Amino acid sequence: MDLHGGNIYKFQREGKSDILDYSSNINPLGVPETLKEAIKNSFEVLERYPDINYVELRESIGRYNEVSRENIIVGNGATEVLFLYMKALSPKRALIVSPTFAEYERGLKNIDSEIEYFPLDEIREEGKNYFDLDIEKLKKEGAKFDLVVLCNPNNPTGNFIDVERIKDLNESLEKNGTRLFIDECFIEFMTNWQKKTSKILRNKNIFILRALTKYFALPGIRLGYGITYDMDIVKKIGDIREPWTVNAFADLAGKIILDDKEYMEKTDKWIVEERKNFVEELKKIEEVEVFETYSNFILLKLKTLTSEEFVKRMLDRGILVRDAKNFKFLNEKYVRIAIKDVEKNRNFINKIKNI
């Protein structure tokens, strides 16, 4: 089974060329026009090495996040930054809040860290969301570990932990010498995300992971970054990283798209409107349970079909969805779907109703 969505090539090799990919959570607006134009006019960058220290790129990311370039670590996608941080910190014991992204586990296994999992229980309580994080319980459990890992908004559940609760959690963990790693790769799909990011805590105990892949629709240009106020971690990562892992076009992308206000405004308008509309339409289908989301994907629980049956039937109708049964603590009743544009989402609704 694939660990991630987006493996459209597998089906293309099998002769299924006209597949609508709802397994990959990418901005349907596509690559920003500003970047397309910049690449067309900048092929000469391929004739020289990028700046080995990526000073201008880090400055651009720093401005975008209102931090110094010294607080920014760039990498070949968020995954490289994740693996670099795990290697630099080398926690003996780590606790992963789950279900969540599989690469945290792989990054920790790569350094032989002892891993345990903190479950997000699917329980409906008055005034609480499904898969909500029990902060008090995590403060107690997390104190036994060197590192706590969480995704915020979480993939695949779509839940979000507000910054005040993160602050409370971190203060408790820090007292016990436990580091906090927060993956915010989907946070830009939230309204006013700049006021909700854990970056505003400016705490050296917290490491924040980000990517340009999802929001700016650039999975083909691998560019991710980390935000940290711990200069010791910055130095350790600098000592162990390979040179020039961010290629010239990725370097260029980070300098161009983070100033593209028009693209961001269009994206923000799309996600606010279409997330609401798509969720409402899905909730009209009795055979699926729809989980509220703060991101650009939605977790569904199937009432009558298994995830494998559902994936096959949707694929027969030309749509690829993410079977979520390989997420820890989920089972064969869960699938994850992306949020696309109005026309594609209408097509999706018609197909799922047909099933």
Side-chain angles (χ1 to χ4, degrees), residues 27 32 34-35 38 50-51 53-82 84-85 88 101 149-155 160-167 170 179-218 221-235 237-238 241 245-246 250-268 271 294-296:
N27 187 337
T34 51
L35 179 58
D51 174 7
N53 295 310
Y54 299 103
V55 171
E56 291 183 8
L57 173 60
R58 288 163 51 229
E59 284 179 346
S60 176
I61 296 171
R63 285 194 304 272
Y64 180 66
N65 287 281
E66 299 180 338
V67 300
S68 166
R69 72 168 186 247
E70 306 305 324
N71 302 114
I72 302 296
I73 296 163
V74 295
N76 188 334
T79 305
E80 186 197 13
V81 180
L82 160 66
L84 284 170
Y85 176 77
F101 186 50
V149 178
L150 64 88
C151 185
N152 200 35
N154 187 43
N155 175 19
F160 180 74
I161 312 302
D162 67 69
V163 72
E164 287 303 317
R165 295 171 73 198
I166 293 290
K167 181 181 179 182
N170 183 64
R179 296 287 187 129
L180 181 57
F181 177 97
I182 305 177
D183 181 344
E184 290 188 348
C185 286
F186 291 96
I187 198 168
E188 286 145 310
F189 291 105
M190 296 183 62
T191 303
N192 296 324
W193 67 270
Q194 297 92 337
K195 297 180 180 179
K196 300 171 182 177
T197 166
S198 297
K199 179 272 300 182
I200 64 177
L201 298 176
R202 296 181 179 270
N203 188 288
K204 67 183 295 184
N205 198 59
I206 300 173
F207 187 93
I208 297 168
L209 183 69
R210 295 270 188 81
L212 279 72
T213 300
K214 313 297 183 182
Y215 187 82
F216 292 99
L218 296 174
I221 289 184
R222 310 299 302 139
L223 181 56
Y225 62 96
I227 303 174
T228 180
Y229 295 93
D230 186 344
M231 292 301 105
D232 288 339
I233 284 292
V234 172
K235 184 180 184 306
I237 289 177
R241 70 176 306 146
T245 58
V246 176
D251 184 27
L252 177 65
K255 298 171 189 174
I256 297 295
I257 61 177
L258 297 179
D259 290 322
D260 194 336
K261 305 300 182 186
E262 183 179 353
Y263 182 90
M264 296 180 206
E265 288 171 4
K266 287 181 179 178
T267 297
D268 295 345
I271 190 61
Y294 287 90
S295 193
N296 66 328

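In this text the structure is predicted, and so the values were computed from the model without any measurement.
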J.: Is there a side-chain contact between Glu66 and Lys199 in this structure, where contact means two heavy atoms from C-beta onward sitting under 4.5 Å apart?
T.: yes

J.: Using side-chain heavy atoms (C-beta onward) and a distance below 4.5 Å, is Arg63 in contact with Asp259?
T.: yes

J.: Does any part of the side chain of Asn152, heavy atoms only, come nearer than 4.5 Å to the side chain of Phe160, both counted from C-beta?
T.: yes

J.: What do you reckon, are the aromatic ring centroids of Phe189 and Tyr294 less than 6.0 Å apart?
T.: no

J.: For residues Ile257 and Pro32, report the shortest heavy-atom separation together with the two atoms involved.
T.: CG2-CG, 3.8 Å

J.: Just so I know, are the side chains of Thr245 and Arg222 near enough to count as touching, which here means a heavy-atom distance under 4.5 Å?
T.: no

J.: Would you compute the distance between atom OG1 of Thr228 and atom CG of Asn203 and round it to the nearest 0.5 angstrom?
T.: 9.5 Å

J.: Could you check Tyr225 against Leu57 for side-chain contact (heavy atoms from CB on, under 4.5 Å), going step by step and ending with a plain yes or no?
T.: CA-CA 10 Å; Tyr225 62 96; Leu57 173 60; over 6 Å; no

J.: Which heavy-atom pair separates Val55 from Asp51 by the least distance, and what is that distance?
T.: N-OD2, 3.0 Å

J.: Parallel, tilted or perpendicular: which describes the rings of Trp193 and Tyr64, with under 30° parallel and over 60° perpendicular?
T.: tilted

J.: Would you say that more than 12 heavy atoms from the other residues, nucleotides or ligands in this model lie under 6.0 Å from the NZ of Lys255, or not?
T.: yes

J.: Just verifying a value: how many Å separate Asn205 CG and Asn170 CG, rounded to the nearest 0.5 Å?
T.: 4.5 Å

J.: Measuring only between side-chain heavy atoms, which start at C-beta, is Asp230 closer than 4.5 Å to Arg179?
T.: yes

J.: So Asn296 and Asn27, side-chain contact (heavy atoms from CB on, under 4.5 Å) or not? Walk me through it.
T.: CA-CA 8 Å; Asn296 66 328; Asn27 187 337; 5.9 Å; no

J.: Please find the pair of heavy atoms, one from Ala38 and one from Ile256, that lie closest to each other, and give the distance.
T.: CB-CG1, 4.0 Å

J.: So do the side chains of Leu218 and Leu223 get within less than 4.5 Å of each other, counting heavy atoms only?
T.: no

J.: Any chance you could lay out the salt bridge (charged side-chain N to carboxylate O under 4.0 Å, His left out) test for Arg69 and Glu56, step after step, and finish with the verdict?
T.: CA-CA 9 Å; Arg69 72 168 186 247; Glu56 291 183 8; over 6 Å; no

J.: Out of curiosity, Asn154 CG to Ile182 CD1, how far, rounded to the nearest 0.5 Å?
T.: 12.0 Å

J.: At their closest point, which heavy atom of Ser198 faces which heavy atom of Ile166, and how far apart are they?
T.: OG-CG2, 3.4 Å

J.: With heavy-atom distances below 4.5 Å as the criterion, would you say the side chains of Arg210 and Asn65 are in contact?
T.: yes

J.: For the pair Ile227 and Ile72, evaluate side-chain contact (heavy atoms from CB on, under 4.5 Å) and give the outcome as yes or no after the intermediate values.
T.: CA-CA 5 Å; Ile227 303 174; Ile72 302 296; 3.9 Å; yes

J.: So, for Arg241 and Gly75, which heavy atoms are closest and what is the spacing to 0.1 Å?
T.: NH2-CA, 4.0 Å

J.: Check whether any side-chain N or O of Lys196 sits under 3.5 Å from a backbone N or O of Thr191 as a donor-acceptor pair, and report yes or no.
T.: yes

J.: Do you know the tightest heavy-atom contact between Val246 and Pro50?
T.: O-CG, 3.6 Å

J.: Atom CZ in Arg58, atom OG in Ser68: separation rounded to 0.5 Å?
T.: 8.0 Å

J.: Which word best sums up how the rings of Tyr215 and Tyr263 line up, parallel for under 30°, tilted for 30 to 60°, or perpendicular for over 60°?
T.: perpendicular

J.: Which distance, rounded to the nearest 0.5 Å, do you find between the CG of Asn155 and the NZ of Lys214?
T.: 7.5 Å

J.: For the atom pair CD1 (Ile206) and CD (Glu184), what is the distance rounded to the nearest 0.5 Å?
T.: 9.0 Å

J.: Does a side-chain heavy-atom distance below 4.5 Å link Tyr229 with Val67?
T.: yes

